[in-house]
Every structure is written in structure tokens, then in C-alpha cells.
Amino acid sequence: MNLFGNLTLSAFPHDPIIFGATILMSIVVIAVLSILTVKHRWTWLWKNWITTVDHKRIGIMYLILAFVMMVRGFIDAAMMRGQLAVSAGSAHGFLPPDHYDQVFTAHGVIMIFFVAMPLMFGLINLATPLLIGSRDVAFPFVNSLSLWLAVSGALLLNLSLSIGEFARTGWLAYPPLSELVYSPGVGVDYYIWCIQIAGVGSLLSGINFLVTILRMRAPGMTLMRMPVFVWTTLSAMSLVVIVFPILTVTLALLFLDRFYGMHFFSADFGGNPMMYINLIWSWGHPEVYILILPAFGIFSEVVPVFSRKQLFGYTTMIWATVAITFFSFIVWVHHFFTMGADANVNAFFGIATMIIAIPTGVKIFNWLFTMYRGRITFTTPMLWTMGFISTFTFGGMTGVLMAIPAADFQLHNSLFLIAHFHNTIIGGVIFGYFAGLAYWFPKFFGFKLNEKYGTYAFWCWVIGFFVAFLPIYIVGLMGMTRRLSHYDITTGWQPFLIIAAIGVCIIALGGVFQGIQLYVSFRDRKHNKDLTGDPWDGRTLEWSTSSPPPFYNFAHIPTVHGRHAFWDMKYGEAHMRPQHSSYEDIVMPKNTPLGFIIAAFALVFGFAIVWHITWLCAVALIGIIASVMVRSFDQETEYVVSAETVALIESRRHKTI
């Protein structure tokens, strides 16, 4: 038996592009490690970040993961657009078909699982406990474990670039293409295990925040007094808890097909590929709403603050959120109207898809009515909101078009579908999380982001988006299908694809401006400090603390008397901000390295099972089980912050406000 399983020297990169990318990644990693060593920051990194269970620091690390992976995913997108711009007729571009297939698969996996999901969990971690008046999440250790499992999944995916290959199946890995007969390499195995590891982390986070919101709200904060962002988070986490087990089981069955020769999704011995497609989309379409619902919640926090008005139709917003959550379960078949189902099935799912547009429209009109006759301030969070309304509404209308089975028969598998999907994910999810980041940035970092460069970034993203994807709609209507790396010059597609590539460059410029914005904001942070804790004159509880908040969030858990908790404290006649003369001891969770250690073993297990290194799989599993047992028997997981320490911290905080 080979000690290294199927891993041989041939698994290492030989292609010049892949080899160059591997060298570049290695240089970056070595540079970061060298800086940490030279600056003597390893102890600081370990104590303050790697072992932390503070939800705020965990949220920041989620955001770092998201932006690092966004760079990787965007490079993949740029390569695809560049390839299609030049690969016409006798020219075959710069990416061989095999590499191109890996690129578009990796792009989809990265952007959904390792950009959009970490952005979502990062902002939920940062904001939710403060919005509900809590000192932390329900299960701080589980929160740490969830983060590091997401990091392990991302690392395993990136390892596929340097050791072996990634899947060439598309981001949902439909069988029979993903079965061993048609994908005999390790690419699909990397796909399965990077998602499985990160998916377990997502499921744990879903449970964690569901319990946090239901059990840890401040006194007086009933369900109908919760901020809308908390409601949308509650709905999204409910979806996570329900549908992520479907993803886990589906990928486990695919693994059994590949690893043990079973036939769940192959046509032999009673298997059926359509079973996989039904299962993957019964997770996949709710996943879209898992991502978009918290973004909707962000807009519902941003619009009232920068319109200087209460949110129009709070109750209808909540019921619209609940309706979207329910209907997200009964629309998945619209992804394969062409599968051969009868007209009644297609009609049911087509109508359900159209109905889900109604509560979404209710939300958009409520935001517009909130803005109506308001004193709007066009800060960058508000600009991202306006950009969302224009782009997402357009993308939603194209979605309703494809909800018509007859139209979908023509548009299915075309680039029109790709443009629609990006319309909703970029215009809805990404713009929403950019708005949330700009809105809450001063709260958690203590200084505002530079508005000038933020505005430049916004306009580049919006203009670049339309330049990049309107041509994709057009070539989709002209008949261009997905996953092409080369096409005939006589199709007339090339001019539109060149324009689309220019749009990607404009979006890239927006990313550059965001980098400049962060640099300038950090450089000038002393001049842009948030000394009040409430830079936007906010309405919700997070603005009642200092910027950044103390590690315990609230010296006294606030009592809520209405929907606008902090606004009532500031301006309400009956409920002024309470004045406390004394402080009490606060119990907080201890830092622990076990979340990081378990995730490290999970990474080793994922790599070992991809390459069939049996002994290493066993070692990693033993490590995971032993670490969980150590945590289970640890009785000293909390510590007490004395009332004197709290009083000292609060006195310093009030001196700076």
C-alpha cells in the first residue's frame, strides 16, 4: 500500500498558468508569515484572534476570508471573460478547455460558499448580538468552530489549484458528469469535501444564531419589536437549519457513488441522476434566499436612518419576509423545467415562482415609501441601497420571465440565465453586504470609511455591472449557451463579449477604489474617529455602545420599550436612557484553541480522503473526536469580569464620548 495513497508527483502543477498562480500564492503566504515573524506578532495573533470566541472578532475574520476569496473568485471571472472575448473562430484564447472548465466551476463555488456566505455570517456576527441587546451568541465556542471550518474548506479548495485539480462539472456538479466514470480525477472529491467541511460550519452557525435570536433578546424585545435585520437573519438561519442537511446528505451520497461504487445517481442498478438534481436544488434555491434575506434586512436598517423616518410598513415587512421564507421551499423545480415533468408540475412551480415576487415587491415599495418625503442623505450605505433597487429589480423581472415554463424552454442553459443569476447575487447580495459593511464599519472599527473613494467604488461597481452583464443577456437571447470556451466567429457574439470583458475591468477598478478607501480610511483614522458611538443618529441598540464596543457589549443589558429601542432612549419622553449608579460582575466565555484545532484536523481529513491516504484519515478523525471530547469535559469555559473592571472600562469609555 502506498503511504501517500493516490498522491504522486504528477499531481503537482505542470501547466505554466497554474504553476505561476501556485508560485504567486506561495510568495504571498511566505510574505505574510515573514511579516508576522519579524513583527513578533504570533503571540498577539494566537491570543487575540485565532483562539477568540468574541463574536465581533469572529465577524471580522469572516469578512477577511470573504474578501481574500473574492479576489481569487474575481480573478477566475476575469479569466473567463478574457477567454471568451478572444476565443472566436481560429483563435482559441489562452485557457485550454480542461483548465477553463475548472475555472468556471471554482468561480461558482468560491463566490457562493466562500464569498457570499462569509460576508453574510461576518455581518450577522458583528451586528446581531448588539441589535438584540446580548453580550454574545448562544454558543461562543461553536461560533469559533464554524469560522475555522469555513476557513478549512476554503484552504482545501485552494489546495486543489496546486495539488491535483478541481472539478470540471459546473458549480453544482451534476451527475453523471460528476460520477467516477466521467470525472476519474480528484477534482470532484475536492469539490465534495471543501463544501462538506464549510457546510457543517454553516449549519452550526445557523443553529447558533437561531438559538441566539430566540433565547437571548434583551428584556422587552418581543418578536414584533425586533429590528428587521434580526427578523431576516432569523428567517435565513431557519432556512440554513432546514436545507443544509439536504446538501450534506446529497454530497455524501455522491461520495459513496465515487468512493464505494454505489449507484444512487448513476443510471445503472436503479440509480437516477434526476434525484441528485432535485436534491441539490431543494437546497440550492433556498440558498439564494439565505443569502438575500439578510441583505434585505440591511436595507431595512439603512433606509430609515438615512431618510430620517421610521420604516414604512414594519409589519408588512415581517410578513413579507416570512412569506419569502416559506415560498423559497416550493420553487426549486423552475431550475429544470426541461426535465420532462408534465404540464401540471411545471405550472405549479411556475406560479409559485411568480408569487414569490409579490412579497419581494412589497419590500421594495416599503423602502421607496420610507424614502418618500424623507430627508435623504446619500452616504455610501444609501448609495449601495439605491444601486440595489435598480439592479435587483431588473434582475427580478428577468426571473419572473424565466418562471414561465414556455419561455424557460427557450432560455434554459443559455447565458441569459447566467446574467439573471448574477443580477440578483451581485445587485442584491453583494451590494447589500457592501451597504452593511459601510453602515456598521464605524461601530466596529471606531472610524468612518472614506466617503469619496467609497462613492468612486460604488459608481464603478454599478456601471461595470451593467456593462458586464447586459451584453450577456443579449448573447443569451442570441442563443449562446453556458460553459463554452470557444465559439464560431460567424455567431456575432464576439463584440458583446468584448464589451462584457470591459465591464469586468470597470468592476475591477471599483475593487481597487475599495482597497484605496480602506487604506486612506485607516491612514486617517485619527481624524475620522467615531467619538459618539452613534455616527449616523441610529435607531437600534448597537448605536448605544461605544465604537468599537467593549468585549462584553453592554455594561447593563438594556430594557426595550418599543421597536426603535435606542431612538426611544435618545428622544422619547417616557423612556430616557437609564442612568446606572453601579455595575455588576459579568460572566464571559473564555478563549479556546479547540475550534481552530478541530478545523485543522478537518482540513487534514478532507485532503487525506481526497487522495485516499487511509492512515491519515484515521489520524485526523481521531484528532477531531479527541478534541471534541476534551471540550466536552472542560468545566472551566467561562470567567468573571469584576464590577470594578467594568466600572473602570465604562469610565474611560464615557470620557471619550
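In this structure, Asn278 CG and Ile246 CD1 are separated by 11.0 Å, a value rounded to the nearest 0.5 Å. Expressed to the nearest 0.5 Å, how far CZ of Phe74 lies from CD1 of Ile110 amounts to 13.5 Å. Between the CG atom in Asn450 and the CD atom in Gln514 there is a gap of 12.5 Å [rounded to 0.5 Å]. In this structure, the separation between CZ on Phe244 and CE on Met237 is 9.0 Å, given to the nearest 0.5 Å. Between the CZ atom of Arg57 and the CG atom of Leu147 there is a distance of 13.5 Å, given to the nearest 0.5 Å. Rounded to the nearest 0.5 angstrom, Ile192 CD1 and Asp257 CG are separated by 9.0 Å.
Two rings, from Phe431 and Phe388, have their centers 6.0 Å or more apart. Ring centroids of Phe392 and Phe296 are separated by less than 6.0 Å, placing the two rings close together. Trp283 has its ring centre less than 6.0 Å from the ring centre of Phe113. Taking the six-membered ring for Trp and the full ring otherwise, Trp461 and Phe434 have centroids separated by under 6.0 Å.
Residues Leu254 and Ser178 approach most closely at CD1-OG, 3.7 Å, considering heavy atoms. Considering all non-hydrogen atoms of both residues, Thr325 and Ser235 come closest at OG1-CB, 3.2 Å. Annotation for Arg482 and Ser414: closest pair CG-O, 3.7 Å, computed over non-hydrogen atoms. Annotation for Ala150 and Phe114: closest pair O-CE2, 3.6 Å, computed over non-hydrogen atoms. Considering all non-hydrogen atoms of both residues, Ser183 and Thr169 come closest at OG-CG2, 3.9 Å. When all heavy atoms of Ala419 and Ile472 are compared, the pair lying nearest together is CB-CG2, 3.9 Å.
Under the ring pair (Phe, Tyr, Trp, His ring centres under 6.0 Å) criterion, Phe458 pairs with Trp384, sequence neighbours left out. For Tyr473, the side chain to side chain donor-acceptor pair (under 3.5 Å) partners are Thr398, Asn423, not counting sequence neighbours. Gln410 meets the side chain to side chain contact (heavy atoms under 4.5 Å, CB included) test with no other residue; sequence neighbours excluded.
No donor-acceptor pair under 3.5 Å is formed between the side chain of Asp408 and the backbone N or O of Ile404. Checked by atom type and distance alone, the side chain of Thr105 never pairs as donor or acceptor with a backbone atom of Trp171 at under 3.5 Å. His422 places a side-chain N or O within 3.5 Å of a backbone atom of Ile418 that can act as its donor or acceptor partner. Side-chain atoms of Tyr62 never come within 3.5 Å of backbone atoms of Met120 as a donor-acceptor pair (strictly under, hydrogens ignored). A distance-only check finds a donor-acceptor pair linking the side chain of Ser390 to the backbone of Gly387 [under 3.5 Å]. Between the side chain of Tyr453 and the backbone N or O of Ser521 there is no donor-acceptor pair closer than 3.5 Å. No donor-acceptor pair closer than 3.5 Å links the side chain of Ser152 to the backbone N or O of Ala602. No donor-acceptor distance shorter than 3.5 angstrom exists from the side chain of Tyr433 to the backbone of Pro294, with no hydrogens or angles considered. Of the possible donor and acceptor atoms, none in the side chain of Gln517 sits under 3.5 Å from a partner among the backbone N and O of Ala457. Checking side-chain atoms of Ser282 against main-chain N and O of Leu279 turns up a donor-acceptor pair under 3.5 Å.
Taking a 6.0 Å sphere around CE of Met386, one finds it holds 12 or fewer heavy atoms contributed by other residues, nucleotides or ligands. Crowding of Tyr182 atom OH: a count of heavy atoms from other residues, nucleotides or ligands under 6.0 Å not exceeding 12. The environment of Tyr519 atom OH is sparse: at most 12 non-hydrogen atoms of other residues, nucleotides or ligands sit within 6.0 angstrom.
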Side chain to side chain contact (heavy atoms under 4.5 Å, CB included) between Leu149 and Leu603, worked out: CA-CA 8 Å; Leu149 286 173; Leu603 173 62; over 6 Å; no
Stepwise side chain to side chain contact (heavy atoms under 4.5 Å, CB included) check, Ile499 with Leu470: CA-CA 9 Å; Ile499 295 171; Leu470 285 180; over 6 Å; no
Steps toward side chain to side chain contact (heavy atoms under 4.5 Å, CB included) verdict (Leu415, Met478): CA-CA 9 Å; Leu415 285 190; Met478 294 171 67; over 6 Å; no
Derivation and outcome, side chain to side chain contact (heavy atoms under 4.5 Å, CB included), residues Val333 and Phe336: CA-CA 6 Å; Val333 173; Phe336 40 92; 4.1 Å; yes
Candidate pair Phe416 and His420, rule ring pair (Phe, Tyr, Trp, His ring centres under 6.0 Å), full reasoning: CA-CA 6 Å; Phe416 188 94; His420 156 73; 7.8 Å; no
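No side-chain heavy atom of Asn143 sits less than 4.5 Å from a side-chain heavy atom of Leu204. Counting only heavy atoms from C-beta outward, the side chains of Cys460 and Leu509 approach each other to under 4.5 Å. Counting heavy atoms from C-beta on, the side chains of Met339 and Ile277 never come closer than 4.5 Å. Side-chain atoms of Ser485 and Gln83, non-hydrogen and from C-beta on, do get closer than 4.5 Å to each other. Considering only heavy atoms from C-beta on, Phe409 comes within 4.5 Å of Thr338 through its side chain. Residues Glu451 and Thr379 form a side-chain contact, since some pair of their non-hydrogen atoms from C-beta on lies under 4.5 Å apart. Counting heavy atoms from C-beta outward, Leu63 and Leu119 have side chains that approach closer than 4.5 Å. Annotation: side chain of Leu157 is in contact with side chain of Arg72 (closest heavy-atom distance under 4.5 Å).
For residues 92-119, the set of pairs meeting the salt bridge (Lys or Arg N to Asp or Glu O under 4.0 Å) definition, not counting sequence neighbours, comprises Asp98-Arg168. Listed by first and then second residue, the salt bridge (Lys or Arg N to Asp or Glu O under 4.0 Å) pairs involving residues 172-192 are Asp189-Arg258 (not counting sequence neighbours). For residues 491-518, the ring pair (Phe, Tyr, Trp, His ring centres under 6.0 Å) pairs, not counting sequence neighbours, are Tyr456-Phe513, Tyr487-Trp493.
Side-chain contact, Thr353 with His334: a donor N or O sits under 3.5 Å from an acceptor N or O. Judged by distance alone, the side chains of Lys363 and Thr321 do bring a donor and an acceptor atom under 3.5 Å apart. For the residue pair Trp440 and Glu301, no side-chain donor N or O sits within less than 3.5 Å of a side-chain acceptor on the partner.
Ring pair Tyr276/Tyr174 is perpendicular by interplanar angle, where above 60° counts as perpendicular and below 30° as parallel. Ring geometry, Trp611 versus Tyr190: the interplanar angle exceeds 60°, so the pair is classed perpendicular (tilted spans 30 to 60°).
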